[in-house]
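Written below as structure tokens is the structure these notes are about.
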Amino acid sequence: MKLNKNFKNLTDDYLFAEVSKRVQAYKTEFPNSDVISLGIGDVTQPLPLKIAEACKDAAVEMSTKIGLHGYGPYDGYEFLKNAVVDYYKARKVVIDPDEVFIGSGAKDALGDFLDLFDSDNTVMVPDPVYPAYVDANVMSGRKIVYVDANRENGFLPPPPKRGKADIIYICSPNNPTGAAYSVDQLKEWVDFALDQNAVIFYDAAYESFVSDGRAARSIFEVTGARDCAVEFCSFSKMAGFTGVRCGWTTIPLASPLNRMWLRRQSAKYNGTSYVVQRMAERALRGGLEDSVKTVDYYKTNAKLIMKTFDKLGIEYTGGVNAPYIWFYCGIKSWEFFDYLLKKARIVVTPGSGFGKNGEGWVRITSFNSTDRIDEAMRRFTPFWKEFIETREKLFHLL
Ligand code: PLP
């Protein structure tokens, strides 16, 4: 038996596991402390009732002789694929139902999709980046090259002038920076991918947060994208499905990847739960308004954070098109994390956990109740004022 030696190249802990380890250690030391979590990007609002009712209806249907659903189609039921097609149509993006594959979430699909590619491919990812992209490729031993996302390019790097890539990851709106590409900016990436004969893995998990009309919600809004891109999307943030689990992958029919993915899924996946697919259908049909309301709730929270940051003169990106606000603290991110936890009992995510360019930056999320965000900002304001005054004395400035 030989273990996968690539695991040795992974960092010891997945970023969010390390965050919760430190928070746990703090809570053990101070059991009565009121810690506010603005760290992990998980939803906090309850599922809309209409979606829960779809769950109940589907479960009851399954308890009848004619309503029982066994193994479903590997690529999802037509009713949900068609609902996804209509969701795109509302944004003037035309997709064929056979281009939509239902699965159990974007993270799973983004990792599993790599089965379709040789390990001898060069992967291009922005830095900072959602760590799952890197980990999945490290596990299968692919070469990774980074594109710098930084203050200078507004954390929206254009394609590099030089450098070869086979698989390109783009996450927009971005986790962790909250920055979102416009259609014109994405066109540069599409042209780059076509030129390199590369594939774009476009992670649109946060598309429902887009507020700025200039930002794209789908890579397929871009001319040429159907010849080089695959889109990964999720009900997680759009409809509060992080614990329900459902997402979709859109693969143009003309791409060989479409047939390959169906073949892969038929070998390794037995279909997404019927009940969950009925819930997802409700999230898009009949329940969409409620899902939008929940997203709007998080957007209002983001505005509260941005308002506080504006008052304090903090440098940040994001918040407008994403539940993430990415701000500069000027010291090592993990030092800031520990200090903020100790002084104000607020949990954030250290930017350095997303890549070297994240050093000195911090991700704060709007996923919490408005009350808690309010309270967090009440604590943050005096904390930051004191931090700025003492920063130079207490820390090594970057
Ligand atoms: N993609 C990005 C950029 C994310 O931030 C997340 C979750 O935080 C996911 C994908 C995971 O999505 P899902 O819950 O559908 O697996």
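Residue numbers count from 1 along this sequence. Both ligands and their constituent atoms are indexed starting at 1 by order of listing.
Under the 4.0 angstrom criterion for non-hydrogen atoms, F235 is not in contact with ligand 1. T242 does not count as a contact of ligand 1, since none of its heavy atoms falls under 4.0 Å from the ligand. Contact analysis leaves G247 out of contact with ligand 1, as no non-hydrogen atom separation drops below 4.0 angstrom.
A side-chain N or O of N175 and one of R363 form a donor-acceptor pair less than 3.5 Å apart. Side chains of N150 and N357: a donor-acceptor N/O pair is absent below 3.5 angstrom, by distance only. Counted by atom type alone, Y202 and W189 present zero donor-acceptor pairs between their side chains at under 3.5 Å.
Geometrically, R22 engages W334 in a cation-pi contact, judged by NZ or CZ lying under 6.0 Å from the ring centre and within 45° of the ring axis. Cation-pi check for K107 over Y133 is not met; the charged atom does not lie both under 6.0 angstrom from the ring centroid and within 45 degrees of its normal.
Residue contacts with ligand 1, taken as heavy atom pairs separated by less than 4.0 Å, involve Y206 solely via side-chain atoms from C-beta onward.
Of the candidates F235, Y77, F232, W261, F235 is the only one forming a ring pair (Phe, Tyr, Trp, His ring centres under 6.0 Å) with W248.
Checked by distance only, ligand 1 and Y324 stay at 3.5 Å or farther apart across all their nitrogen or oxygen atoms. Considering backbone and side-chain atoms together, Y133 places no N or O closer than 3.5 Å to any N or O of ligand 1. Between A106 and ligand 1, at least one pair of N/O atoms sits closer than 3.5 Å.
Against a heavy-atom cut-off of under 4.0 Å, N175 is close to the following atoms of ligand 1: 3 (C), 4 (C), 5 (O). Near G105, with a cut-off below 4.0 Å to any heavy atom, the atoms of ligand 1 are 15 (O), 16 (O).
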